[in-house]
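Inspection log for the structure reproduced underneath, given as structure tokens.
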Amino acid sequence: MSIVITGATGQLGRLIIADLLTAGVPADAITAVARSKERAADLLARGVGLHVADYDEPDTFARAFQPGDRVLLISGSEVGRRIPQHAAVIEAARVTGVAQLAYTGVFGGPRADFQLGTEHRETERLILASGLPYTFLRNNWYSEMYAVNELPGILARGAIVTNVTPGSRIATATRADYAAAAAVVLREDGHLGKAYELSGDTAWTFEEFTEEVSRRSGRTVVHTSVPGPERAAILTSAGVPAPFADVLVEVDEAISRGLLAGTPGDLSRLIGRPTTPIADTIAASLAAQAG
């Protein structure tokens, strides 16, 4: 039996493999699925196995799995293309007869009625239809999306601009938190047939976020909420493709409707510790920017 992780050379996949190794899973019991040997060179150096496959080439998954393997399907990153990509992995797992197919979906599962949730809902449906033993890891948003990726622009503008209704809450957690949960369900028994709603212990508002950024950076930062069409125009003027700008606007609308406010508990219970507070992620990001 091996633990097989697709998309293993992405940021989440690497963290999951590191957690498995730290927990004592032998390197030769882990197989990374990557598009090329070069992408996985650092994992190979640690003794992890490799299967070269591409989500867009179903035939490359023909021998990716063995009967009894525990497989983690990390969702693809190309919005609009993920259903056939995921279907290729699910079919290969079904034909082989794996012991577990875990999937990193979106918080809320079937209740995630916004556009970005469509492919995740369909992937879960395909997994259920396959009859495979499953574990659904429904991840809320990453704290890094706001506190790392967007932070330089937020500081430069003195504002985070959204179409989120002021006072609305979101319960993010860090990529490392979600990776720790995935490692647990892959190495331990008792998680088959489970759907975990994974979110941070404490939901926060964008007003609280900007207050924390202001306090720690010494610069005044505010949350500016604009109508959806204006938000889409701002995004497209910054070079975001219009279809994806619409997706981001719809996510903000979902936050306003409370769909990402979280159900604290599943994530911290799985990882055996509190989730990482957004303030800690902001502090680490600012320290990294300062060098």
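Hydrogens, waters and symmetry mates play no part in the numbers below; they use all other heavy atoms, side chains included.
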Flag if over 12 foreign heavy atoms under 6.0 Å of CZ, Arg63: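 No, the 6.0 Å shell around CZ holds no more than 12 heavy atoms from other groups.
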
Are more than 12 heavy atoms, taken from residues, nucleotides or ligands other than Glu78, located less than 6.0 Å from that residue's CD atom?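 Result for CD/Glu78: enclosed.
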
Let me check something: do [X] and [Y] share a hydrophobic cluster, defined by ILVMFWY side-chain heavy atoms less than 4.5 Å apart, either directly or through other members?
| X | Y | result |
| --- | --- | --- |
| Leu151 | Val161 | no |
| Val226 | Ile255 | no |
| Leu50 | Val48 | no |
| Leu248 | Tyr142 | yes |
| Leu259 | Val247 | yes |

[X] versus [Y], closest heavy-atom pair with distance:
| X | Y | answer |
| --- | --- | --- |
| Thr224 | Ala159 | OG1-CB, 3.9 Å |
| Ala173 | Leu267 | CB-CD2, 3.6 Å |
| Leu15 | Ala179 | CB-CB, 3.6 Å |
| Gly167 | Thr205 | O-CG2, 3.5 Å |
| Gly80 | Glu119 | N-OE2, 2.7 Å |

Expected output: side-chain [X] to main-chain [Y] donor-acceptor under 3.5 Å:
| X | Y | result |
| --- | --- | --- |
| Ser285 | Ile282 | no |
| Ser168 | Val164 | no |
| Asp69 | Gln66 | yes |
| Asn139 | Val106 | no |
| Gln11 | Arg175 | no |
| Thr275 | Ser268 | no |
| Asp252 | Asn163 | yes |
| Asn140 | Leu260 | yes |
| Ser217 | Arg219 | yes |
| Ser237 | Ile234 | yes |

Taking the side chain as every heavy atom from C-beta outward, state whether [X] and [Y] have any pair of such atoms under 4.5 Å apart.
| X | Y | value |
| --- | --- | --- |
| Ile3 | Ile17 | no |
| Glu208 | Arg169 | yes |
| Trp141 | Tyr146 | yes |
| Thr123 | Ile90 | yes |
| Pro277 | Asp280 | yes |
| Arg70 | Val98 | no |
| Leu72 | Val4 | no |
| Leu137 | Tyr178 | no |

Spatial distance of atom [atom1] ([X]) from atom [atom2] ([Y]) [nearest 0.5 Å]:
| X | Y | atom1 | atom2 | value |
| --- | --- | --- | --- | --- |
| Ser199 | Ile170 | OG | CD1 | 10.0 Å |
| Thr220 | Glu211 | OG1 | CD | 11.5 Å |
| Ile154 | Asn149 | CD1 | CG | 10.0 Å |
| Thr276 | Glu144 | OG1 | CD | 8.5 Å |
| Leu235 | Glu230 | CG | CD | 11.0 Å |
| Asp246 | Leu116 | CG | CG | 12.5 Å |

Without hydrogens or angle criteria, can the side chains of [X] and [Y] be said to hold a donor-acceptor pair below 3.5 Å?
| X | Y | answer |
| --- | --- | --- |
| Asp177 | Thr174 | yes |
| Thr172 | Trp204 | yes |
| Gln100 | Thr135 | yes |

If you look only at pairs with a residue in residues 217-244, which of them pass as a ring pair (Phe, Tyr, Trp, His ring centres under 6.0 Å), with sequence neighbours excluded?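 For residues 217-244, and leaving out neighbouring residues, the ring pair (Phe, Tyr, Trp, His ring centres under 6.0 Å) pairs sorted by first residue read Phe206-His223.
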
Leu270 vs His191, side chain to side chain contact (heavy atoms under 4.5 Å, CB included): CA-CA, chis, key distance, verdict: CA-CA 10 Å; Leu270 278 176; His191 301 287; 3.6 Å; yes

Please assess Leu286 against Leu155 for the test side chain to side chain contact (heavy atoms under 4.5 Å, CB included), listing each intermediate value before the final yes or no. CA-CA 10 Å; Leu286 289 170; Leu155 291 169; 3.8 Å; yes

Would you say the rings of Tyr196 and Phe136 are close, in the sense that their centroids are separated by under 6.0 Å?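 So the answer is no for these two rings.
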
Any salt bridge between [X] and [Y], counting N to O under 4.0 Å?
| X | Y | value |
| --- | --- | --- |
| Asp266 | Lys194 | no |
| Glu212 | Arg216 | yes |
| Arg82 | Glu122 | no |
| Arg111 | Glu197 | yes |

Side chain to side chain contact (heavy atoms under 4.5 Å, CB included) for Ile5 and Ile16? Distances and angles first, verdict last. CA-CA 9 Å; Ile5 299 172; Ile16 294 167; 3.7 Å; yes

Evaluate the criterion salt bridge (Lys or Arg N to Asp or Glu O under 4.0 Å) for residue pair Asp113 and Arg257; output intermediate values, then yes/no. CA-CA 11 Å; Asp113 60 2; Arg257 290 187 286 129; 3.1 Å; yes

For residues 25-44, please give each side-chain donor-acceptor pair under 3.5 Å, one per line with the distance, not counting sequence neighbours.
{"unit_1": "Ser36", "atom_1": "OG", "unit_2": "Arg39", "atom_2": "N", "d": "3.2"}
{"unit_1": "Asp42", "atom_1": "OD1", "unit_2": "Arg14", "atom_2": "NH1", "d": "2.7"}
{"unit_1": "Asp42", "atom_1": "OD2", "unit_2": "Arg14", "atom_2": "NH1", "d": "2.4"}

Cut-off 3.5 Å, no hydrogens considered: what does the side-chain donor-acceptor table look like for residues 52-62, sequence neighbours left out?
{"unit_1": "Asp54", "atom_1": "OD1", "unit_2": "Asp56", "atom_2": "N", "d": "2.8"}
{"unit_1": "Tyr55", "atom_1": "OH", "unit_2": "Thr6", "atom_2": "OG1", "d": "2.7"}
{"unit_1": "Tyr55", "atom_1": "OH", "unit_2": "Ile74", "atom_2": "O", "d": "2.6"}
{"unit_1": "Asp56", "atom_1": "OD1", "unit_2": "Arg81", "atom_2": "NH2", "d": "3.2"}
{"unit_1": "Asp56", "atom_1": "OD1", "unit_2": "Gln85", "atom_2": "NE2", "d": "2.9"}
{"unit_1": "Asp56", "atom_1": "OD2", "unit_2": "Arg81", "atom_2": "NH2", "d": "2.8"}
{"unit_1": "Thr60", "atom_1": "OG1", "unit_2": "Asp54", "atom_2": "N", "d": "3.0"}
{"unit_1": "Thr60", "atom_1": "OG1", "unit_2": "Asp54", "atom_2": "O", "d": "3.4"}
{"unit_1": "Thr60", "atom_1": "OG1", "unit_2": "Glu57", "atom_2": "O", "d": "2.6"}

Any idea how Tyr103 and His120 line up, ring-wise: parallel (<30°), tilted (30 to 60°), or perpendicular (>60°)?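 The rings of Tyr103 and His120 sit tilted, inter-plane angle from 30° to 60°.
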
What's the verdict on salt bridge (Lys or Arg N to Asp or Glu O under 4.0 Å) for Glu124 and Arg121, showing C-alpha distance, side-chain angles and the deciding distance? CA-CA 5 Å; Glu124 287 195 5; Arg121 296 196 307 271; over 6 Å; no

